[in-house]
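Convention: sequence-line order gives letters A, B, ...; per-chain numbering from 1.
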Protein chains: 2
Amino acid sequence: MKKHILTYGLCGGVLIVLLKLVEYRFLVVEHSIEIYGGLIALLFAVLGIWLGLKLTKNKETIIVREVPAPQSFTLNETRLRELGITRRELEILGLIAGGLSNREIAEKLFVSENTIKTHSSRLFDKLSARRRTQAVQMGKELGLIP
Amino acid sequence: MKKHILTYGLCGGVLIVLLKLVEYRFLVVEHSIEIYGGLIALLFAVLGIWLGLKLTKNKETIIVREVPAPQSFTLNETRLRELGITRRELEILGLIAGGLSNREIAEKLFVSENTIKTHSSRLFDKLSARRRTQAVQMGKELGLIP
DNA sequence: TTTGTCGTCATACTTTCGGGTGAATTAGTT
DNA sequence: AACTAATTCACCCGAAAGTATGACGACAAA
């Protein structure tokens, strides 16, 4: 803003000098004062318009629109290490969240049901959960599962 | 827009007349030509600025900023009726998803644990779920719970 | 008034879950 | 080679969850 005003002033100064030259060399001697005034009027009008445009250049209307969240899930590896949860345990947490029973998980992973029990037990310990539903809840809160 | 230009022109005309009067009565006779030029410059500059402002008055830059909406959940009432799930059952589904046990839910709602069992049983039937984790999963998919 | 839905509760039984303990195997590190 | 972490598996027991069935009262609709 200050820059514009400064520029405006400089242009004015230059113009004055220019006018002086014009005045003494051609116009006043050869033509009428109307031309002189008209020139000044024209130039300053143009400058004024330019300044006006500059002054209003930054009129912006910001519209904030909410778009549906793009479902970007990124695993919170830090928390994983903090809690000491292993890959296998995380995998099982995901399957539990998927609504599978221990037996189904065991079949899916080709291991015994007891193994799944061991994993989930340790998982619950690390998550401070007592039930699988609670574990799912915490897992979501901690950013371990989507 | 045209109105503005017209006004501008009229102002200019009035000014010319005014200047003529000023010219012949005071200024040119008594003062130097610089005052005359300065006056014209000032007036036209003001007019120019005014016109510039008018011209750009409606030129607003509209910036649309898209912001991810923070999980706006709306209950799917239609599906609720389709499945014949009652308010109470939905309430219990929510608490199950929150990781509560049947006993905890019973205490929270001041009813017996058997009641919760009955409700959840019927709920699982309607959701075609065999386990509470599965019910939670389906509930989320069907838009019954956040 | 009858009918139907909803919410409540109970009893009995089966299945699943979760806790505790111990241990073998594998893979990676020092 | 020794050590550690991760994974695997087993057995037992109690708690929680789920199934099946029946019942009762409130309340609204037909």
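A straight line from CZ of Arg81(A) to P of dA5(D) spans 16 Å, rounded to a whole angstrom. In this entry the distance linking CD of Gln134(A) with C1' of dA16(D) reads 13 Å, nearest Å. As a whole-Å value, the separation of Asp125(B) CG from dG18(D) P is 12 Å. Following rounding to the nearest Å, Leu123(A) (CG) and dT7(D) (C1') show an atom-to-atom distance of 14 Å. Separating the CD1 atom of Ile116(B) from the P atom of dA10(C) is a distance of 12 Å, rounded to the nearest angstrom. One atom, CG of Leu93(B), and another, P of dG18(D), lie 12 Å apart when rounded to the nearest Å. With rounding to whole Å, Leu100(B) atom CG is found 14 Å from dA16(D) atom P. The CG atom of Leu90(B) sits 15 Å away from the C1' atom of dG7(C) (whole-angstrom rounding).
Side chain of Val111(B), nearest nucleotide from dT8(C), dC9(D), dG19(C): dT8(C). Distances were taken from every side-chain heavy atom of Lys117(A) (C-beta onward) to each of dG18(C), dT8(C), dA17(D); the shortest belongs to dG18(C). Distances were taken from every side-chain heavy atom of Arg122(B) (C-beta onward) to each of dT8(C), dC9(D), dC17(C); the shortest belongs to dT8(C).
Side-chain atoms of Arg88(A) and Thr115(A), non-hydrogen and from C-beta on, never get closer than 4.5 Å to each other.
Within the 4.0 angstrom heavy-atom criterion, no nucleotide atom of any strand lies near Ser120(A).
The side chain to side chain contact (heavy atoms under 4.5 Å, CB included) test with Leu123(B) singles out one residue from Leu83(B), Leu90(B), Leu93(B), and that residue is Leu93(B).
Within the 4.0 Å cut-off from OP1 or OP2 of dG18(C), not a single side-chain nitrogen or oxygen of Arg130(A) is found. An OP1 or OP2 oxygen of dT8(C) is reached within less than 4.0 angstrom by a side-chain nitrogen or oxygen of His119(B). Residue Asn114(B) has a polar side-chain atom (N or O) positioned under 4.0 Å from OP1 or OP2 of dA10(C). Neither OP1 nor OP2 of dA10(C) sits under 4.0 Å from any side-chain N or O of Thr115(B). In terms of phosphate contacts, Ser121(B) brings a side-chain nitrogen or oxygen within less than 4.0 Å of OP1 or OP2 of dT19(D). The phosphate of dG7(C) (OP1 or OP2) has a side-chain N or O of Thr86(B) nearer than 4.0 angstrom. Look at Arg88(A) and you'll find a side-chain N or O under 4.0 angstrom from OP1 or OP2 of dT8(D). Proximity of Arg131(A) to the phosphate of dG18(C): no side-chain N or O atom is located under 4.0 Å from OP1 or OP2. The phosphate of dA16(D) (OP1 or OP2) has no side-chain N or O of Arg132(A) nearer than 4.0 angstrom. The side chain of Asn102(B) places no N or O atom within less than 4.0 Å of a non-bridging phosphate oxygen (OP1 or OP2) of dA16(D).
In the hydrophobic clustering of this structure, Ile96(A) does not group with Leu100(B); members are Ile, Leu, Val, Met, Phe, Trp, Tyr whose side-chain heavy atoms approach within less than 4.5 Å, directly or through other members. Follow the hydrophobic side-chain contacts under 4.5 Å out from Leu144(A) and you never reach Val136(B); the two are in separate clusters.
In this structure, Leu95(B) CG and Arg132(B) CZ are separated by 10.0 Å, a value rounded to the nearest 0.5 Å.
The pair Glu104(A)-Arg131(B) meets the salt-bridge criterion, since a charged nitrogen lies less than 4.0 angstrom from a carboxylate oxygen.
Mapped onto DNA chain C by nearest heavy atom, Thr133(B) and Gly84(B) fall at different nucleotides, with Gly84(B) at the one closer to the 5' end.
At a cut-off of 3.5 angstrom, the base of dC17(C) holds no donor-acceptor pair with the side chain of Ser101(A).
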